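Below is one structure; the comments refer to it alone.
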Amino acid sequence: IGGAGAADTLVVLKGEYLNKAKISDGGKKLRKNWTSTWVVLETDKLLFYKESKQEALTNLKPGCSPDGVDLCGAVVEWTTERSSRKNVVQITTSSGSEFLLQADNYPTICKWHDAIKSTADNLSKG
Ligand code: I3P
C-alpha cells in the first residue's frame, strides 16, 4: 500500500492496539495467528504496524510504506463463526483476503467496527 504520508490521505481513527489475524490471502486459507497490532484508519485504507513507534518511523522513511488493506470494495461485519473469541470483526477485501480484528473491550472494537464499516461503505458508493 503506497501513499504513506501523502497529502490526500487523512487519519480517521488514531492508532490503537487491536488483536489481528489474517485468515485468508486472495482466497487462499491461512493458518490463523493472532498478533497485537497497532492499527490506524485512514480515509481509504487500514494500516497495520507492529508497534506504535513504527507509525512515525515508517512515515519518515521515503519509499517505506506500511502494511495495510485497501478498504474500497471491502465488506466489514461482525462474526461469531470465524473465531472462538468474543468481539470479532471480519474484513473481506475486494481481492478476497480476510482479516479478523478483535478487542476484549467492547466499546473499543465497536468504535473500530463502525468507523471501518462507514469508511468502506463510503468508498464503495464511489
Ligand atoms: C489456532 C489457535 C487460535 C484459534 C484457532 C486455532 O491453533 O488456537 O487461537 O483461533 O482456531 O486453530 P494453532 O495455534 O494451533 O494454529 P481463535 O482463538 O480465533 O478461536 P480456528 O482453527 O477455529 O480458527
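Whatever order the structure lists ligands and atoms in, that order sets their numbers, starting from 1. Since the structure is predicted, the reported quantities are computational estimates derived from the model, not experimental observations.
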task = Could you give me the CA-CA distance, side-chain angles and deciding distance for Val39 and Lys20, then say whether side-chain contact (heavy atoms from CB on, under 4.5 Å) is met?
result = CA-CA 9 Å; Val39 182; Lys20 184 195 73 144; 5.5 Å; no

inquiry  = If you apply the rule side chain to side chain donor-acceptor pair (under 3.5 Å), what do you find for Trp34 with Gln102, and how did you get there?
reply    = CA-CA 9 Å; Trp34 285 105; Gln102 188 266 347; over 6 Å; no

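When the salt bridge (Lys or Arg N to Asp or Glu O under 4.0 Å) test is applied to Glu98, the partners found at least two apart in sequence or on another chain are Arg82. In terms of the side chain to side chain contact (heavy atoms under 4.5 Å, CB included) criterion, Ser94 has no residue partners (sequence neighbours excluded).
For atom 7 (O) of ligand 1, the nearest protein heavy atom lies 4.0 Å or farther away. Atom 10 (O) of ligand 1 is flagged as protein-proximal [any protein heavy atom, distance under 4.0 Å]. Inside a 4.0 Å radius of atom 22 (O) of ligand 1 there is not any protein heavy atom. Counting protein heavy atoms under 4.0 angstrom from atom 15 (O) of ligand 1 gives one or more.
When atom types are taken as modelled, the side chain of Asp67 and the backbone of Phe48 share no donor-acceptor pair closer than 3.5 angstrom. In this structure a side-chain-to-backbone donor-acceptor pair under 3.5 Å is missing from Ser97 to Ser95.
Counting protein heavy atoms only, atom 13 (P) of ligand 1 is closest to Arg31 NH2, 3.5 Å. Taking atom 1 (C) of ligand 1 as the reference point, the nearest protein heavy-atom neighbour is Lys32 O, 4.7 Å. Of all protein heavy atoms, the one lying nearest to atom 20 (O) of ligand 1 is Ser84 OG, 2.6 Å. Taking atom 18 (O) of ligand 1 as the reference point, the nearest protein heavy-atom neighbour is Trp34 NE1, 3.3 Å. Looking from atom 19 (O) of ligand 1 to the surrounding protein, the closest heavy atom is Ser83 OG, 2.5 Å.
Side chains of Thr108 and Glu16 form a contact here, defined as non-hydrogen atoms less than 4.5 Å apart.
Atom numbering of ligand 1 starts at 1 in the shown order; those under 4.0 Å from a heavy atom of Arg85 are 18 (O).
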